[in-house]
Amino acid sequence: MGTWGSGPFENDGACDLLAALRAGEFDIDDYAGHVGGDYLEADDAQAAIALAEVVAVADGLLPAPGQLDGIDAARYAASLTPEQRAWIVVTLERTIADADTSELFELWAENGPEDLEEWRAPIESRLAGLKQPR
């Protein structure tokens, strides 16, 4: 796992997603089709977390961090259908559910309960915000 911190952009999966968004090469439908199985691989979960952060910035739930320089979060979020937005929420829920559905959860759990909670708590908070009516 190419990870250097618990933040949403502190890993290779998030960096790959951000690069694809900047280049205009990210297609959420292709990504959703790839991630559609029962088990979520670590890189896919990392990308889903980063994607949710982009939408959260667009929705005004948090200020834009420097990692989003060069990405028009509002424009991207406006292009998403309600179904695509719902898919992002469901994928985040899968990411933090348990080790049976998420490799990333499993990897953080192996680090111990404190690290798992440090990683998981902000994602739960983001989920709560994304579930609020806009």
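All values derive from a computational prediction rather than experimental measurement.
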Sub-4.5 Å side-chain heavy-atom contact between Leu68 and Leu21 = no
Has the side chain of Glu118 got a donor or acceptor atom that lies under 3.5 Å from a matching backbone atom of Glu114?
-> no
Partners meeting ring-ring contact (aromatic ring centres under 6.0 Å, His included) with Phe26 (sequence neighbours left out) = Tyr31
With sequence neighbours excluded, give me every side-chain hydrogen bond (donor to acceptor under 3.5 Å, both in side chains) pair touching residues 96-105.
-> Asp98-Thr101
Can you find a pair of side-chain heavy atoms, one from Ile88 and one from Leu80, that are under 4.5 Å apart?
-> yes
Please test Asp29 against Gln84 for side chain to side chain contact (heavy atoms under 4.5 Å, CB included), starting from the C-alpha separation and ending with a verdict.
-> CA-CA 8 Å; Asp29 291 327; Gln84 290 167 330; 3.0 Å; yes
Smallest heavy-atom separation, Phe105 atom then Thr95 atom, equals CB-O, 3.6 Å
So do the side chains of Ile123 and Pro8 get within less than 4.5 Å of each other, counting heavy atoms only?
-> no
All heavy atoms of Leu92 vs all of Ala48, minimum pair found to be CD2-O, 4.1 Å
Is there a side-chain contact between Ile96 and Trp108, using heavy atoms and a 4.5 Å cut-off?
-> no
To the nearest 0.5 angstrom, please state how far the CZ atom of Arg85 sits from the NZ atom of Lys131.
-> 14.0 Å
Keeping the roles fixed (side chain from Arg22, backbone from Asp69), state whether a donor-acceptor pair exists under 3.5 Å.
-> yes
Shortest non-hydrogen contact between Val35 and Arg94, atoms and distance = O-NH1, 3.4 Å
Side chain proximity check, Leu40 to Leu104, heavy atoms < 4.5 angstrom | no
Is there side-chain contact between Asp115 and Glu110, with at least one heavy-atom pair below 4.5 Å?
-> no
Where Tyr39 and Ala99 come nearest, the two heavy atoms and their spacing = CE1-O, 3.6 Å
Nearest heavy-atom approach of Glu53 to Leu62 is OE1-CD1, 3.5 Å
Given side chains that start at C-beta, do those of Ile49 and Trp119 come closer than 4.5 Å, heavy atoms only?
-> yes
Sub-4.5 Å side-chain heavy-atom contact between Tyr76 and Val57 = no
List the atom of Asp59, the atom of Leu130, and the distance in Å for their closest heavy-atom pair.
-> OD2-CD2, 4.0 Å
